[in-house]
J.: 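This is the structure I have questions about; it appears just below.
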Amino acid sequence: MSRGSEFVVVANRLPVDRVAGEDGVPSWRRSPGGLVSAIAPVMRRREGTWVGWSGAADEELEPFDEDGMHLVPVRQSAEDVQLYYEGFSNATLWPLYHDVIAPPVYDRAMWDAYVRVNQRFADAVAKVAGKGAIVWVQDYQLQLVPQMLRELRPDLRIGFFLHIPFPPTELFMQLPWRRRILEGLLGADLVGFQLPGAAANFVRLCRQLLDAKTVKQDVVLDDRTVRARAFPISVDVDELRELIARPEVRRRAEEIREDLGGGTVLLGVDRLDYTKGITQRLQAFGELFSDGGLKPGEAVFAQIATPSRERVEQYQILRDQIEQQVGRINGEYGELGAPVIHYLHTSYDREELAALYLAADVMVVTPLRDGMNLVAKEYVACREDLHGALVLSEFAGAAPELRRGAFMVNPYDIDGLKETMLGAIHADRADQARRMRVMRKRVIEHDVDRWAQEFLSALEHTPEHVPA
Ligand code: ADP
Ligand code: F6P
């Protein structure tokens, strides 16, 4: 019998998705989203095992190796996908944890599926983890796994990291299963959040709802102490540096600029998600043409939106809204062969993304609420030339780290957004360089490696507990 893995990451998704190639032969491609972008490089370096779902319903797969990682698939039936993934994870928790921007759905069948699938993940990890292994559980889809895993394997050291915001008491209290979620998280030795405010929300809720004893950011249980701490996630600066140094990426950036017609290039890169503030930024951009703040030809907006959670109703509504909005603005202000907004509903590889970042004069990141937002940090990491401006929402987790260099904005304030976009478009090179330098210092010094090391070292230094 094998000794099992010493380091296990467990996340809803595997870091790769199955895609059909042009010749019909399926292959694997990196899955979308900040979580994978952050953890995949760390995993490769630690030669760990990643337990997750392949992204397809009813797929029975054996463990396999891909992209330098050992991957252990967990099956999800079509019903699990509907109730656990699209349902409780993305129609209940996602909107609840993002300030209730969309109304959360509270449905008992979805909750039951969440419990069932979390148990399946915990069982899978219990099988592959070696004695005393470090297990790192990721994100809101798996909040019950720490407790379930501790029951199965008290020898493990369990860390949990939440990539999205953790809501304040007033919102969290809506959740009918609120105690169960807190108890689930308390199965971990260390619970990590993006920002200190989220860790404080969690500790306060444990005190109020579970009557737990808390000391500063620690929750003191009968047999052990659970630490809640903030670890702002970051990007793989070395990977991006290597990409932007490639001549073909630089050529591609030039080509993109030429294709876009020579005006100032504004760029948005997001999963197509209602938390990202895409309609607000496009509205502001469109109004700049109607007000005369911009003239067609002077600036162009490239909005790249990765398809995401396409069967969840709120995502379908958003897609229709954006398509209508883009059509309306282009119909009004675009010219033949020269739309003012280029909207692409697609996912790109890392080379193309890096080229887009290099091509953009203004990067527009305007979430209504976001755990961190890696796109903002990726843009900064790519601008070694100190050119370019970042428009950044106050409600992005990245705001406290980047506010001294970014053009900060409240995305709900459309006039403020217009003014800020114009400020960024017209910023002179010296101002851009000064701002970029400040942001780059922060991102380079706090890259994803440092984030992972800090989390794992805090986890490794949590006090030993003696299993009963
Ligand atoms: P989230 O985790 O909510 O999706 P983040 O901004 O934190 O948001 O992370 C998004 C990640 O997905 C980034 O690493 C970004 O480069 C990547 N990404 C976003 N849009 C695309 C796209 N259209 N094609 C490829 N990758 C994308
Ligand atoms: O970072 C937030 C997150 O929900 C991750 O947990 C997830 O991997 C990513 O965004 C993409 O979302 P999904 O897996 O639903 O496509």
Side-chain angles (χ1 to χ4, degrees), residues 9-17 19 29-41 50 52-56 76 81 84-91 93-95 97-98 137-143 160-166 194 232-237 239-240 243 267-278 302-312 314-315 342-357 360 363-382 390 392-393 395-398 402 448 451:
V9 165
V10 49
N12 173 53
R13 267 181 196 277
L14 288 172
V16 289
D17 274 340
V19 285
R29 191 181 54 196
R30 174 174 167 157
S31 345
L35 188 158
V36 169
S37 306
I39 314 239
W50 186 309
W53 169 52
S54 73
Q76 284 188 39
V81 174
Y84 149 80
Y85 169 69
E86 294 162 354
F88 200 78
S89 297
N90 289 312
L93 293 171
W94 182 266
Y97 283 28
H98 286 89
V137 186
Q138 309 292 328
D139 230 353
Y140 61 100
Q141 303 93 340
L142 301 180
Q143 291 173 101
F160 177 92
F161 187 79
L162 185 71
H163 292 253
I164 68 172
F166 191 79
Q194 301 279 20
I233 202 168
S234 192
V235 295
D236 189 349
V237 176
E239 181 222 4
L240 293 163
L243 281 174
L267 175 69
V269 173
D270 311 78
R271 266 186 315 98
L272 187 67
D273 195 294
Y274 53 81
T275 59
K276 300 291 181 183
I278 300 172
Q303 175 62 55
I304 317 294
T306 318
S308 185
R309 306 171 191 165
E310 289 180 281
R311 297 198 318 183
V312 180
Q314 292 294 336
Y315 290 75
H342 293 251
Y343 168 69
L344 295 146
H345 182 236
T346 185
S347 172
Y348 286 123
D349 60 25
R350 304 295 290 166
E351 285 85 353
E352 183 73 2
L353 273 183
L356 280 160
Y357 291 142
M363 185 78 217
V364 188
V365 179
T366 56
L368 305 177
R369 175 61 70 197
D370 208 333
M372 176 52 61
N373 197 289
L374 294 184
V375 165
K377 290 187 174 180
E378 286 171 359
Y379 180 65
V380 169
C382 284
L390 173 67
L392 180 63
S393 163
F395 304 113
L402 301 182
V448 72
W451 167 78

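Counting convention: from 1, in listed order, for ligands and their atoms alike. In this text the structure is predicted, and so the values were computed from the model without any measurement.
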J.: Are the side chain of Q143 and the backbone N or O of Y140 linked by a donor-acceptor pair below 3.5 Å?
T.: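 Indeed, once roles are kept as given, a pair shorter than 3.5 Å links the two residues.
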J.: Examine N12 against ligand 2 and note whether any of their N/O atoms are separated by less than 3.5 Å.
T.: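 In fact, backbone or side chain, N12 has no N or O that close.
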J.: Check each atom of ligand 2 against the heavy atoms of R309 and keep those under 4.0 Å away; list them by number with element.
T.: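 Listed by number with element: 3 (C), 4 (O), 10 (O), 11 (C), 12 (O), 13 (P), 15 (O).
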J.: For I304, counting its heavy atoms only, list the atoms of ligand 1 lying under 4.0 Å from any of them.
T.: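 Result: 23 (N).
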J.: Could you pull out, from E378, R29, K276, Q194, the option with a heavy atom nearest to atom 8 (O) of ligand 1?
T.: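 Selected option, by shortest heavy-atom distance: K276.
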J.: Hey, which atoms in ligand 1 end up nearer than 4.0 Å to a heavy atom of T306?
T.: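 Listed by number with element: 19 (C), 20 (N), 21 (C), 22 (C), 23 (N), 24 (N), 27 (C).
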J.: For the 3.5 Å polar cut-off, considering only N or O atoms, please tell me whether D139 and ligand 2 meet it.
T.: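 There is such a contact, yes.
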J.: Can you tell me if S393 uses its side chain to pair, donor with acceptor, with the backbone of P367 under 3.5 Å?
T.: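 Yes, S393 side chain to P367 backbone: donor-acceptor pair under 3.5 Å.
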J.: Evaluate Q141 for polar contact with ligand 2, using N/O atom pairs at a separation under 3.5 Å.
T.: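 By distance alone, the answer is yes.
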J.: Give a yes-or-no answer on whether the side chains of Q303 and D270 include a donor-acceptor pair shorter than 3.5 Å.
T.: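 Yes.
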J.: Quick check against the 3.5 Å criterion: does W53 have a side-chain atom that pairs as donor or acceptor with the backbone of A56?
T.: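 The answer is yes, because a donor-acceptor pair under 3.5 Å joins these two groups.
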J.: Using a 4.0 Å cut-off to any heavy atom of N373, which atoms of ligand 1 qualify?
T.: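 Heavy-atom distances to N373 below 4.0 Å select 6 (O), 7 (O).
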J.: Residue-level breakdown please: for L353 versus ligand 1, do any non-hydrogen atoms fall below 4.0 Å on the side chain, on the backbone, on both, or on neither?
T.: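 The side chain, only.
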J.: Mind checking whether T346 has an N or O less than 3.5 Å away from an N or O of ligand 1?
T.: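 T346 vs ligand 1: N/O contact under 3.5 Å present.
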J.: For the backbone of I233 and the side chain of Q194, can you confirm whether one donor and one acceptor N or O come within less than 3.5 Å of each other?
T.: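 Yes; judged by distance alone, with no hydrogens or angles, the pair exists.
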J.: One residue to check: L374. Relative to ligand 1, which of side chain, backbone, both or neither has a non-hydrogen atom less than 4.0 Å away?
T.: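 For L374, the contact with ligand 1 is made by both the backbone and the side chain.
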J.: Test of understanding: given a 4.0 Å heavy-atom threshold, classify the contact between H345 and ligand 1 as side chain, backbone, both, or neither.
T.: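 Near ligand 1, H345 shows nothing, with every heavy atom at 4.0 Å or more.
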J.: Give the atoms of ligand 1, by number and element, whose distance to some non-hydrogen atom of V269 is under 4.0 Å.
T.: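 Contacts of ligand 1 toward V269, numbered from 1: 19 (C), 20 (N), 21 (C).
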J.: Does this structure show an ion pair linking D273 with R309, if we count only N-O contacts that are shorter than 4.0 Å?
T.: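 Answer for the salt bridge query: yes.
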J.: Without hydrogens or angle criteria, can the side chains of Y84 and Q76 be said to hold a donor-acceptor pair below 3.5 Å?
T.: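 On atom types as modelled, these side chains do not qualify, holding no pair under 3.5 Å.
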J.: As an exercise, identify every atom of ligand 1 less than 4.0 angstrom from a heavy atom of R350.
T.: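 Numbered from 1, ligand 1 contributes 14 (O), 16 (O).
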J.: Pull out every atom of ligand 1 sitting under 4.0 Å from any heavy atom of R271, numbered as shown with elements.
T.: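 Here the atoms of ligand 1 in question are 1 (P), 3 (O), 4 (O).
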J.: Once you restrict to heavy atoms under 4.0 Å, what part of Y357 touches ligand 1? Side chain, backbone, both or neither.
T.: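 The part of Y357 near ligand 1 is the side chain, not the backbone.
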J.: Rounded at 0.5 Å granularity, tell me how far OH in Y357 sits from CG in L243.
T.: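 Nearest 0.5 Å value for the OH-CG distance: 11.0 Å.
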J.: Using the test side chain to side chain donor-acceptor pair (under 3.5 Å), find all partners of Q138 that sit at least two apart in sequence or belong to another chain.
T.: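 For Q138, the residues satisfying side chain to side chain donor-acceptor pair (under 3.5 Å) (neighbours in sequence not counted) are H163.
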J.: Which atom pair, heavy atoms only, marks the closest approach of D17 to S54?
T.: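 Heavy-atom minimum between the residues: OD1-O, 3.9 Å.
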J.: Report yes if some N/O of Y85 lies less than 3.5 Å from some N/O of ligand 2; otherwise report no.
T.: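 Yes, at least one N or O pair falls under 3.5 Å.
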J.: Should the proximity of Q138 to ligand 2, defined as any heavy atom under 4.0 Å, be assigned to the side chain, the backbone, both, or neither?
T.: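 Q138 to ligand 2: no contact under 4.0 Å from either part.
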J.: With a 4.0 Å cut-off on heavy atoms, does H163 reach ligand 1?
T.: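 False for this residue.
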J.: Judged by non-hydrogen atoms, does M372 sit under 4.0 Å from ligand 1?
T.: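 No heavy atom of M372 comes that close to ligand 1.
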J.: Measuring from atom CZ of F395 to atom OG1 of T366, what distance do you get when rounded to the nearest 0.5 angstrom?
T.: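 Separation between the atoms: 11.5 Å.
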J.: Please confirm whether D349 approaches ligand 1 to less than 4.0 Å, judged on its heavy atoms.
T.: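 No, that is not the case, since the closest heavy atom of the residue is not under 4.0 Å from the ligand.
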J.: Angle between ring planes, W451 versus F161, binned at 30° and 60°: parallel, tilted or perpendicular?
T.: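 Taking F161 first and then W451, their aromatic rings stand perpendicular (interplane angle over 60°).
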J.: Where do I304 and T346 come nearest, in terms of heavy atoms and distance?
T.: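 Taking I304 first and T346 second, the nearest heavy atoms are CG2-O, 3.8 Å.
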